[in-house]
Amino acid sequence: MPELPEVEALAADLRERVVGHRIQRVDIAAISALKTFDPPPSALHGQEITGAGRFGKFLDIVVGDLHLVIHLARAGWLHYRDAITATPLKPGKGPIALRVRLDDGAGFDLTEQGTQKKLAAYLVRDPASVPGVAKLGPDALTTDAETFAARIRGRRGQLKGVLTDQEVLAGIGNAYSDEIIHRARLSPFAITDRLTDEQMAALYAATQEELKDAVARSVGQQAASLKGEKRSGMAVHARTGMPCPVCGETIREVSFADSSLQYCPRCQTGGKPLADRRMSKLLR
Ligand SMILES: [Zn+2]
């Protein structure tokens, strides 16, 4: 799933390539992806793209007075194309959800792989009218240490869950939370309102370092290569069974119904493996 650094890089890429160009037409291939009906997509036709940014993990493409706000969900991505065919896109079952053709013949596709269709696009006058955007907490990349601590302690729960709660802090998902918690040498199951000041300071520093490093790695890369770039910078995420780059211990995982987390027992949990319900079921 694209998280803050990848969405930041996609926005930077769009600022470079498409800002200043006019939209010739917008085709919606996956009707369910467009969550708004007023204004209609045709309101974008002939309009100039004036900016690109993000709100947490939401991408914001500014077109005059309008915002095309996109949540890429788990398997969504944006592909810039130097040349896009003039033939209108046919609604269907392919990976393309939405296509934007520009006045210079270039454009971009929003795609979503797999059968779970969760990509969401909103065409709005005010980004705050997008429900997910209105509820976002402060941005994880720009929040100060005091606000950060107050937000984390203010939502009692396991650290992994709280750090990825977009209403607490915006931008961190499953992959970067694994990395941040490892860098801070904390347990993913640490209870947030019991973190010491020292642990909180380590968590804040790790969040800043991890996200800034990832943005620096991602921005300037071609959007198409971002996913690989994200993987290659990871210490524990999706590296179950491999050695921890800090201490050499084998990285372990905990599985949930539809996700998993990875951690290093030596760096993070005093050498003790965390309970994994799936593993205990298999061993029973
Ligand atoms: Zn380690």
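Remember, it's 1-based here, ligands and their atoms both numbered in the order they're listed.
- For the residue pair Thr111 and Gln113, no side-chain donor N or O sits within less than 3.5 Å of a side-chain acceptor on the partner.
- Side chain to side chain, His21 and Asp103 meet the donor-acceptor criterion of an N or O pair below 3.5 Å.
- Atom CZ of Arg81 is surrounded by more than 12 heavy atoms from other residues, nucleotides or ligands within 6.0 Å.
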Determine all donor-acceptor pairs shorter than 3.5 Å in which one atom belongs to a side chain in residues 118-136; sequence neighbours excluded.
unit_1 : atom_1 : unit_2 : atom_2 : d
Asp126 : OD1    : Ala128 : N      : 3.0
Ser129 : OG     : Asp126 : O      : 2.6

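- Remark: Arg252 CZ to Thr250 OG1 distance equals 8.0 Å, nearest 0.5 Å.
- The number of heavy-atom neighbours closer than 6.0 Å to CD of Gln116, taken from other residues, nucleotides and ligands shown, is 12 or below.
- Near the Zn ion (ligand 1), less than 2.8 Å away, sit the protein N, O or S atoms Cys244 SG, Cys247 SG, Cys264 SG, Cys267 SG.
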